[in-house]
Amino acid sequence: TSGDAILAEDCDGIVIQDNFAIACGQPDLSAPPRAMFIVFAPVGQSHIFGNAASGSTGAGFQILPPSFGLDTPWTAASLAPQIEFANNTAHSNANGLQVETLGSAAARLRLTVHGFTAYLNRQHGAVFQHGEVHVDRSRFLANSLTNVLVAHGRSLRLEIHRTVVQMRL
């Protein structure tokens, strides 16, 4: 089948642990890009641990905000999503980790990335937009365009510590 491997939507307290998602066969490039792991509109604390994503036409891991115009718990600071993303690996996807956040409510997202490895992705190792992101002890190796892309930096607080970045020559 084609589609997303694991999709968690509108959940309070997501745990996705020790899974492997791989795309096999010839991709349909006319279809919209698909991600391996999608967390859509999380609420409260979520944990994404020890997973591997390989071969997606979209992101290996994708975190999305609620849609525009929805009255969501993201608007309450006490329910702002806190995501711990640890010891995951993404390779041979379009992007390794893609965090798409929209609007002021999404700026409340708090994401901790620890021990993430992104390598040989066709575009970016990681894409961060809004929110508060802490990257620690991660590896971004030989991704095609950029290893870490920061977009819309005015509403993003990004810290990167003890991380290896290797460029492809």
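Worth saying up front: this structure is predicted, and the values here are computed from it rather than measured. Starting from 1, each residue takes its place in the sequence as its number.
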Gap between atom [atom2] of [Y] and atom [atom1] of [X] - 0.5 Å precision:
| X | Y | atom1 | atom2 | value |
| --- | --- | --- | --- | --- |
| Phe40 | Leu7 | CZ | CG | 8.5 Å |
| Gln62 | Arg34 | CD | CZ | 9.5 Å |
| Ser144 | Arg122 | OG | CZ | 8.5 Å |
| Thr112 | His47 | OG1 | NE2 | 10.5 Å |

Side-chain donor-acceptor pair present, [X], [Y], cut-off under 3.5 Å:
| X | Y | answer |
| --- | --- | --- |
| Glu132 | His134 | yes |
| Asn121 | Asn95 | no |
| Arg139 | Thr117 | yes |

Non-hydrogen atoms of [X] and [Y] that approach each other most closely:
| X | Y | value |
| --- | --- | --- |
| Asp136 | Arg162 | OD1-NH2, 2.8 Å |
| Ala126 | Phe140 | CB-CE2, 3.7 Å |
| Ala8 | Ile14 | CB-CD1, 3.9 Å |
| Thr89 | Phe61 | O-CE1, 3.5 Å |
| Gly115 | Ser138 | N-OG, 3.5 Å |
| Gly58 | Pro33 | CA-CB, 3.7 Å |

Indicate yes or no for a side-chain donor-acceptor contact from Asn93 to the backbone of Ser56 under 3.5 Å, with no hydrogens or angles considered.
yes

Give a yes or no on whether the backbone of His124 and the side-chain of Asn147 come within a donor-acceptor separation of less than 3.5 Å.
no

Linking I/L/V/M/F/W/Y whenever their side-chain heavy atoms sit closer than 4.5 Å, directly or via other members, would [X] and [Y] fall into one cluster?
| X | Y | result |
| --- | --- | --- |
| Ile48 | Ile6 | yes |
| Ile160 | Phe128 | yes |
| Val127 | Leu64 | no |
| Ile63 | Val15 | no |

Parallel, tilted or perpendicular: which one describes the rings of Phe116 and Phe85, with boundaries at 30° and 60°?
perpendicular

